[in-house]
Amino acid sequence: GESSLYAYAFMSTNSGFFGFPVSYAIFGADVLFVFIMQNVALSISLYITGLFLLHFFGGKKGFDKGILMNIVKNPCMVASILSVIMLFSGMHFPDLILDSITLIGDATTPFSMIFVGVMLGSCDFKGMFKDLRFVAICLLKAVAIPVITFVAPGPEVTAQTPTLPVTLARPDAACAA
């Protein structure tokens with residue numbers, strides 16, 4: 001039920017939404033490539049884990065083959081798998097298709113920001129803060145875990161990875177779940 005939604009919201013992340021354009025702007029295409037590959041693996045694991053978590057801890061009993069089919073037929077999963085196959089096989093799109101995909105990709109973040117703004121305009125922010133479990137998960141995810149990650153390893157490790165707590169604290173769509 002509801003507990004499985006909170007568990008999934010706590011463990012999931014939406015790092016690509018802002019992460020891709022910011023990484024590209026700051027570090028360039030080489031780092032963006034590594035970030036995208038990491039995000040493909042993360043997305044696949046989160047999607048599979050999320051379906052099983054919501055199914056089994058959502059009160060349903062037994063294994064449902066429909067879940068596996070949902071994983072296999074999901075357009076994002078198909079695109080991710082095809083992109084990895086294309087990467088390792090050396091296949092490339094023709095320039096016309098590649099330019100079209102690039103144009104759509106470049107427009108995604110601005111259009112998404114408009115969409116998120118419209119959605120936020122209709123949110124009941126007072127109502128969100130009445131749900132104490134929601135507030136607790138957001139505080140744990142955005143404050144407590146990054147602080148622990150920064151303090152617990154000690155100054156030597158923290159000096160080597162100063163961006164880790166910020167990475168863990170990133171506000172993302174998981175808190176909206």
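When a residue number appears, it is its place in the shown sequence, counting from 1.
Crowding of L120 atom CG: a count of heavy atoms from other residues, nucleotides or ligands under 6.0 Å exceeding 12. Around CG of D30, the count of heavy atoms belonging to other residues, nucleotides or ligands within 6.0 Å does not exceed 12.
Clustering ILVMFWY residues whenever any of their side-chain heavy atoms sit less than 4.5 angstrom apart, transitively, puts L82 in a cluster other than the one holding L87. In the hydrophobic clustering of this structure, V116 groups with F125; members are Ile, Leu, Val, Met, Phe, Trp, Tyr whose side-chain heavy atoms approach within less than 4.5 Å, directly or through other members. When the side chains of ILVMFWY residues are joined at heavy-atom separations under 4.5 Å, either directly or via intervening members, L103 and L96 end up in two distinct hydrophobic clusters. Both F88 and I85 are members of a single hydrophobic cluster when ILVMFWY side chains are connected at heavy-atom separations under 4.5 Å.
Residues forming a side-chain hydrogen bond (donor to acceptor under 3.5 Å, both in side chains) with D99 (at least two apart in sequence, or on another chain): none.
Residue D106 holds its CG atom at 11.5 Å from CZ of F111, rounded to the nearest 0.5 Å. In this structure, CG in D124 is found 10.5 Å from CZ in F129, a value given to the nearest 0.5 Å.
Its side chain within the 4.5 Å cluster rule, I97 clusters with M86, M91, F93, L98, I101 among the Ile, Leu, Val, Met, Phe, Trp and Tyr residues.
Contact annotation: the side chain of C138 never approaches that of V135 to less than 4.5 Å [non-hydrogen atoms, C-beta and beyond].
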